[in-house]
Amino acid sequence: MAGENIKVLLVEDNPGDVLLLQELFKEVTTVVVELMPVERLYEAVNYLTNEIFDVILLDLSLPDSQGLETFVIAHNQAKATPIIVLTGINDETLAIRAMQQGAQDYLVKGQVTGDLLVRSMRYAIERQQADNALRQSEERFRVALKNSPIFVYNQDRDLRYTWVYNPPSGLTVEKILGKQDLDIIPVEDAQHLITIKRGVLTTGIGTREEVSITIQDITRYYDLTVEPLRNETQEIVGVTCASIDISERQAALRERKLAEEKIREQAALLDVTTDAICVRDLNNQIIFWNKGAETLYGWKATEAWGKNASELLYDEPSPEVEVALLQVISQGKWQGELTKLTKTDKEILVASRWTLVCDEQGKPKSILTVDTDITEKKHLEAQLFRAQRLESIGTLASGIAHDLNNILTPILAGAQLLPLKFPDADERTRHLLEILEINARRGADLVKQVLSFARGVEGKRITLQLRHIIVELGKILKETFPKSIEISTDVPQDLWMVSGDSTQLHQVLMNLCVNARDAMTNGGTLSISAENLLIDENYARMNLEAKVGFYIVISVSDTGIGIPREILDRIFEPFFTTKDVGKGTGLGLSTVLGIIKSHGGFVNVYSELGTGTNFQVYLPAVEGMETLSPEDLPPQTGHEELILVVDDEIAIQEITRTSLEAHNYKILIANDGIEAIALYAQNRDKVSAVLMDIMLPSLDGLTAIRTLQKINPQVKIIASSGLMSDNKLSAAAAIGINTFLSKPYTINELLLSLQKVLS
């Protein structure tokens with residue numbers, strides 16, 4: 001309907017009918033009719049050539065045209081305009097024929113009312129508009145099919161082709177019409193199509209599937225749509241189908257799937273590797289982040305994507321990174337070591353390999369980075385290098401200690417004997433002798449410290465409760481250290497036991513505390529604590545000297561000046577010191593390390609300049625009850641037992657004779673192994689025990705011991721030495737010598753050793 005106005009062309013030669021229609025239009029108030037009456041057909045054709053009307057009222061009997069020809073001429077002139085035929089009572093047959101030719105309606109003269117006339121015109125206009133739309137749609141469909149690759153066809157219920165348009169290459173309309181699928185394509189393909197189409201005929205529900213069809217030995221792939229075909233009563237009379245050749249798309253899809261599969265495999269491999277793999281564009285924005293990177297740095301891929309790599313992985317601009325970036329841009333690759341930060345701000349050292357990635361035209365587009373965590377490796381290497389360096393230094397120190405011991409032993413012995421030989425010496429002489437003895441003892445202490453570092457002098461091992469040593473040490477420190485230093489101790493009541501030498505362990509703690517005091521010239525806090533610790537495989541793997549098991553950890557920490565990083569690895573070297581001349585020998589920490597290693601433990605140190613230092617001493621824990629140290633046991637006097645003392649040092653002979661005779665023992669002296677064998681053979685039944693120096697001239701001490709054992713398998717021997725190699729210790733143990741006395745020794749140690757072998 002064309003709005004509120006209807007423009008009507010009235011073709012009527014009877015003036016009375018024209019007036020009647022005009023009056024009828026006036027009766028209608030719902031629309032405004034613009035009526036253009038003409039009497040002849042040629043006049044109507046002229047109007048239709050220049051003007052457009054909404055509807056044509058056409059009388060088929062005109063002066064210049066009669067019958068159906070009138071309609072045909074008018075219809076051909078204005079196919080888009082609806083025509084209502086006006087006819088008399090006896091001409092309805094002619095009107096029906098006109099409708100079969102395309103008229104929209106007919107009205108019988110004399111039976112028309114205004115409302116009927118308007119309804120008829122409205123109906124005619126609407127129907128014409130629908131016909132026009134249908135024709136346009138059909139034309140568009142025809143044009144679309146003509147220019148498209150779509151194969152469209154209908155099949156009846158027997159699936160015979162009844163209409164075909166645009167058949168695929170290798171087939172023609174003539175080859176298809178009236179045929180079934182089995183007649184034109186291979187059986188397997190046909191059976192598949194038949195199954196699909198019969199399903200639609202049965203259910204009345206359309207479907208869409210991808211199918212393959214082989215025509216002339218060429219297999220093509222089609223996107224097939226099948227819909228039910230219905231008649232006017234909605235009865236299913238067949239199927240209508242449309243198929244689009246998607247062979248190229250399928251090939252591309254297969255290639256894409258293969259590419260995607262390859263990408264997935266590559267991505268899986270990238271995620272399996274423990275290395276951190278990152279890709280960033282030339283603006284340093286992260287565009288790829290694998291599982292290894294998530295594990296190493298702590299950032300999830302979703303958190304890392306789009307972030308600036310430098311801001312994410314570095315605390316501040318790094319010159320090494322700038323050098324790496326310039327080299328990878330100019331040379332295409334770079335590799336080296338970089339320190340980076342994790343999500344938790346933990347510093348890690350990585351071996352980093354950078355590669356420049358270019359596009360198909362060779363233009364740089366991104367940088368591929370592969371990082372391997374070498375933090376633990378570097379830590380272990382540093383420990384290994386330090387252990388090797390200390391071992392070399394220890395070998396040298398061991399030799400020096402042996403020579404120093406040989407030099408100091410007669411000096412110390414002489415300093416002890418001279419007051420006995422000259423009891424009436426004046427006060428100045430006695431003072432000089434006292435100075436000589438004190439300095440000789442100081443030298444002997446240095447030798448002991450060197451030996452402790454070099455090989456860990458074996459002390460008197462008993463089951464100890466370190467809590468007592470720490471508490472006692474805390475009291476001593478509070479009394480002797482400056483008041484500006486606050487002493488703090490924290491030891492649990494359930495601290496485990498250790499097997500060790502209480503004197504040596506006391507020396508370890510004292511050395512560490514003295515160093516802490518010297519680091520706090522302006523005062524501070526010295527804290528000593530202990531705790532129980534179970535070392536697992538992970539910790540043991542990260543520390544070369546640690547073993548899986550139970551440990552006691554003693555921490556000695558201060559708030560002093562700290563230790564510079566560049567010398568931290570050298571602090572355990574003997575004679576290395578940062579103290580002023582005369583204030584340190586450089587043997588304190590080397591002694592600590594030697595003693596702790598001889599106890600089966602190890603030492604870690606953590607320090608920061610201006611913050612302080614923390615030494616952690618690890619000792620293996622043992623089960624058992626606390627036992628008394630030999631130093632704590634009261635010595636017992638002898639019962640005039642005869643003791644054969646074998647030593648090539650005269651001073652040691654004299655001191656030992658004097659000491660033992662003062663405690664009710666009798667003494668025989670031998671200068672070497674040959675003399676010892678002779679004396680023992682002469683006094684076999686009288687000698688109760690033999691004190692044998694291992695390092696003897698003429699005949700080695702171990703050889704002399706074996707000879708004595710052949711003379712008397714039950715001979716009781718105390719082996720003594722200022723320095724014994726591991727080989728000699730093992731050899732002595734192998735021949736049954738289980739009591740050793742290290743030089744220099746106290747009279748109490750000597751008496752307890754005799755008491756042990758004679759009991």
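Residues R517 and P482 meet the side-chain proximity criterion, which asks for heavy atoms closer than 4.5 Å. Inter-residue side-chain proximity for I561 and T613 is flagged as unmet; no heavy-atom pair is nearer than 4.5 Å. Considering only heavy atoms from C-beta on, V715 stays 4.5 Å or farther from P713 through its side chain. Contact annotation: the side chain of L691 never approaches that of L644 to less than 4.5 Å [non-hydrogen atoms, C-beta and beyond]. You'll find the side chain of L751 reaches within 4.5 Å of the side chain of L660, heavy atoms only. Within the 4.5 Å cutoff, no side-chain heavy atoms of H639 are placed close to those of Y665. Side-chain contact between E337 and V350 is absent, with no heavy-atom pair separated by less than 4.5 Å. Counting heavy atoms from C-beta on, the side chains of I643 and V687 never come closer than 4.5 Å.
Between F602 and Y618, the angle of the ring planes stays under 30°, which puts this pair in the parallel group of the 30/60° scheme.
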Practice problem: Kindly determine whether L699 and D672 satisfy side chain to side chain contact (heavy atoms under 4.5 Å, CB included), including the steps that lead there. | Solution: CA-CA 7 Å; L699 186 67; D672 54 38; over 6 Å; no
Exercise. Quick one: do V508 and Q504 satisfy side chain to side chain contact (heavy atoms under 4.5 Å, CB included)? Show the steps, please.
Key: CA-CA 6 Å; V508 166; Q504 291 181 357; 5.7 Å; no
Self-check item: Worked verdict on L642 versus L668 for side chain to side chain contact (heavy atoms under 4.5 Å, CB included)
Solution: CA-CA 7 Å; L642 181 61; L668 280 176; 3.7 Å; yes
Exercise. Go through the steps to decide whether N712 and Y680 satisfy the test side-chain hydrogen bond (donor to acceptor under 3.5 Å, both in side chains), and finish with yes or no.
Key: CA-CA 10 Å; N712 178 16; Y680 186 79; 2.9 Å; yes
Practice problem: Would you sort out whether T559 and T611 count as a side chain to side chain contact (heavy atoms under 4.5 Å, CB included), showing the intermediate values? | Solution: CA-CA 6 Å; T559 57; T611 301; over 6 Å; no
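Within a 6.0 Å sphere centred on CG of N522, other residues, nucleotides and ligands contribute 12 heavy atoms or fewer. Residue Q335 places its CD atom among 12 or fewer non-hydrogen atoms of other residues, nucleotides or ligands, all under 6.0 Å distant.
I470 and A530 make their closest contact through CD1-CB, 4.0 Å (heavy atoms, listed as atom of the first residue, atom of the second, distance). Residues H599 and L619 approach most closely at CB-CD2, 3.7 Å, considering heavy atoms. Summarising the geometry of T489 relative to G474, their closest heavy-atom pair is CG2-CA, 4.2 Å, with the distance given to 0.1 Å. M520 and L526 get closest at one heavy-atom pair: CE-CB, 4.0 Å. In this structure, G673 and A704 approach most closely via the heavy-atom pair CA-CB, 4.0 Å. Heavy-atom minimum distance, V498 versus P620: CG1-O, 3.6 Å.
Side chain of T480 to backbone of I476: a donor-acceptor contact under 3.5 angstrom is found. With hydrogens and angles ignored, the 3.5 Å screen pairs a side-chain donor or acceptor of S607 with a backbone N or O of G612. At distances below 3.5 Å, at least one donor-acceptor pair connects side-chain atoms of Q465 with backbone N or O atoms of L495. At least one donor-acceptor pair closer than 3.5 Å links the side chain of E675 to the backbone N or O of N671. When atom types are taken as modelled, the side chain of T375 and the backbone of L349 share a donor-acceptor pair closer than 3.5 angstrom. At least one donor-acceptor pair under 3.5 Å links the side chain of N532 to the backbone N or O of D494. For the pair T707 (side chain) and T703 (backbone), a donor-acceptor distance under 3.5 Å is present.
Looking at L464, V617, L473 one by one, the single match for side-chain contact (heavy atoms from CB on, under 4.5 Å) with L505 turns out to be L464. Residue V646 is tested with I694, I669, L696 for a side-chain contact (heavy atoms from CB on, under 4.5 Å); the sole match is L696.
Here the CD1 atom belonging to I469 is positioned 5.5 Å from the OG atom belonging to S502, to the nearest 0.5 angstrom. Summarising the geometry, atom CZ belonging to F615 is positioned 13.5 Å from atom CD1 belonging to I528; distances are rounded to the nearest 0.5 Å. Separating the CG atom in L589 from the CD1 atom in I596 is a distance of 11.5 Å, to the nearest 0.5 Å. We find the CZ-CD distance between F550 and E623 to be 8.5 Å, quoted to the nearest 0.5 Å. The OG atom of S529 sits 7.5 Å away from atom CG of N614, with the distance rounded to the nearest 0.5 Å. Here the CG-NZ distance, from L679 to K686, works out to 11.5 Å after rounding to the nearest 0.5 Å.
No donor-acceptor contact under 3.5 angstrom links the side chains of N664 and E641, judged on distance only.
With sequence neighbours left out, T339 forms a side-chain hydrogen bond (donor to acceptor under 3.5 Å, both in side chains) with no residue at all. E661 pairs by the salt bridge (charged side-chain N to carboxylate O under 4.0 Å, His left out) definition with R657, not counting sequence neighbours.
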